[in-house]
Amino acid sequence: MNTDDQQLIDRCRAGDVEAFGGLVTRYQDRLYGTLVRMLGSTHEASDVAQDAFVLAFQKLDTFRGDSAFYSWLFRIAYNAAASRRRKRRIARTSVEATREQTGQEPADQRPSADPSHALQSQERSDLVRQALDELADDHRAVLVMKEMENLRYEQIAELLGCPVGTVRSRIHRARNELREKLNRALKAEQ
Amino acid sequence: MLSPEHQELLSAHFDGELASEERARVDTLLNESQEARELLQEFDEISAAVRNVDVPALPDGLRDAVLAQIRPAAPKPLARRPRWHRWAAPVLAASLALTVAVFLQQQVQQPATDLRVADHVISASPAELDDSIQPGDLSESAETALAFSAVTESSPAQPEATRSLSPLETDAMRLSSDAPDGLSTRLFPYGSQPVPGETRSLLVQQGDIPVVVNYTVVDVEKAAGQMRVFLSGNGIHHIVTTTPPEKPDVTGNEIENAPDARYVALLVDAPQDQVVAALNDFDSIQEVVDVDADYVEVSNSFGVEAEALPYRMQQKWEANDESLLPRMEASRQRNAAPGSAVGGEARKQEPASRMTTLGTARPAAPSPSAGALATETTNGVVDSPASAPKPRQLTQTATAGMAVQMAVSEQEVRQLMERQYHRRRVAESYPQSAATAPARPPAPPEPEPLETDGLGSQQGLSSRRVKLLLILQDQSDQ
């Protein structure tokens, strides 16, 4: 485990609550980024991240250091997100949702001058996120875990409580579905 | 076109999750298939696209918000929690809903038991119970039980009819009725009078477990009225009785009525199957005692010891009512049927096994407070659905007499049964009830009609209309 993380954790356990702020600062962006992709909402992601950090602090005594702190934190966050998602479905992307999530007006859907760089533009970024949001929850979750957190299939399976084969299958289906959605969108643009 | 299996292999290959054997297959595939190579490239593009999704910056303040939540808050004053909360919560959670028919003026001295009663009686609403009982009100002993009344002014009146009693409830009820201070003393502290529909609570001890018994005061006369309506609706003839005068029972012994005792009993006449069908819904009736020839020992029939003296009673019937003779013969035939003991002495070997169980009947509690339903044919012949094989005609045609007892003493049941056997006396004693009895429909055709004392029968009744009648005898002293 990261030495700096361990020092901060030790200070927290010694009663220095402020030390936990260092862990928050260190991992909040990464966690938030993953949660936005997973949940499709910045507000949801922010709330879940906050809940996850608080829970992590409360459970800090149970953290044994067998894994990286962030892996442990992400596990907590994922469970919090899953719980929240069960309670309330995330509204699908719309003009309003796009504005809420990005703080910007919906992207210009005009085709890019250079199709080979389609997926690298801001517009395409919005397109990808929309396609990502349209995936089934369980498909999107595993794909985000793989792509954003680079978790091994085995780790994802443990987190989800399902067989490794299921993870492999879901990731494949998620990629295929995402690929088809993006291809359709790009063709429509062209 | 790549197969789904190949596509999945390529996806796993892209993630570096393939075993060596699968990896070899994918290498071959990539060497041979342009499509496979293109798909792998697409996976790479998709992966980059997902990672590069533009995410709005994290709003400021997450760190502060987290720290604000995890910083230790100022210590809150601990709410005062009486010690008894430790056991009161599960007790209250497990509180038992009982309906109790309460009789105000009965004065029956009860033997002392080992039930302990606390010194204090507290009046409180159920909502206040949690806070009204202070540790000082209870002794430290687990044997202590506290009696309190819970006067619920705001609670709606409870129906007289509620539900069946579980064995635990029965035990609790027995505990309460056996309390040395008497049930009424504790139910109505400070001389307050119960109001029908009023919900009260009683905390008693069952072994080491405190038990809260919630009960509803029931107007037994009203309950009897409900029962009467129910029976009438099912075409069942009935006679309502109240406290009868003391009189010798059929054996000539003086009946010891409790002074000023109040009770209500219903004496009904109907075909056995009709009665059985109609009363199946009276699920609070804990037992149905087939008194038949055991009638003479009916005092025991309300407990588990329904010792039989059939011959004695049959002889009595024969002496009092010649019309019973044919059916007495049928009774003898039935008793002689396979599986059934013959004769009085043999029947004595057959204790409570002849108890008829209806509805949710359960083994009788050895408490006179337990409700009982006595059934028999008009000639005293047992016609129990649970009994041994019977002559067909008897089952179909016999008119059953049924005494529905509500907190009726054993002696009083004797009187009821006596009246059943001597109908003219009943009619004379209760002319009003007889006059108000519903017109009886003609009896259905019967293959071998038996005399029914002028009481017809009605088949095909509709039952299951009323939920119950509760039964508890107040045996308290005041």
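By convention in this document, chain letters (A, B, ...) are assigned in the order of the sequence lines, proteins followed by strands, and residues within each chain are numbered from 1. In what follows, every heavy atom counts, from backbone to side chain, and hydrogens, waters and symmetry copies are set aside.
- We find that A:Glu18 and A:Arg11 are not joined by a salt bridge, their nearest charged nitrogen and carboxylate oxygen being 4.0 Å or further apart.
- Using a 4.5 Å cut-off between heavy atoms, A:Ser169 contacts chain B through both its backbone and its side chain.
- For the pair A:Leu8 and A:Asp16, the minimum side-chain heavy-atom distance is 4.5 Å or more.
- For the pair B:Glu5 and B:Arg25, the salt-bridge criterion is met [side-chain N within less than 4.0 Å of a carboxylate O].
- When side chains are defined from C-beta on, A:Tyr32 does not count as touching A:Val48, because their heavy atoms never get closer than 4.5 Å.
- The distance from atom NZ of A:Lys181 to atom CG of A:Asp133, rounded to the nearest 0.5 Å, is 10.5 Å.
- Of residues 7-22 of chain B, those residues lying under 4.5 Å from chain A by any heavy-atom pair are B:Gln7, B:Glu8, B:Leu9, B:Ser11, B:Ala12, B:Phe14, B:Asp15, B:Gly16, B:Glu17, B:Leu18, B:Glu22.
- A side-chain donor-acceptor contact under 3.5 Å links A:Lys146 to the backbone of A:Leu151.
- Separating the CZ atom in A:Arg26 from the CZ atom in A:Phe20 is a distance of 12.0 Å, to the nearest 0.5 Å.
- Residue with the most contacts toward chain A among B:Glu42, B:Arg63, B:Arg51: B:Arg63 (heavy-atom pairs, distance under 4.5 Å).
- Considering only heavy-atom pairs separated by less than 4.5 Å from chain B, the leading option among A:Arg173, A:Glu154, A:Arg152 is A:Arg152.
- Only the side chain of A:Arg37 comes within less than 4.5 Å of a heavy atom of chain B; its backbone N, CA, C and O stay farther away.
- Using a 4.5 Å cut-off between heavy atoms, A:Val54 contacts chain B through both its backbone and its side chain.
- Heavy-atom distances place both the backbone and the side chain of A:Tyr153 under 4.5 Å from chain B.
- The closest side-chain heavy-atom distance from B:Leu58 to A:Val36 is not below 4.5 Å.
- No salt bridge links A:Glu149 with A:Arg75; every basic N to acidic carboxylate O contact stays at or beyond 4.0 Å.
- Contacts of A:Asn183 with chain B are made by side-chain atoms alone, with heavy-atom separations under 4.5 Å and no backbone atom involved.
- Annotation: maximal heavy-atom pairing with chain B below 4.5 Å, among A:Arg179, A:Gln28, A:His172, occurs at A:His172.
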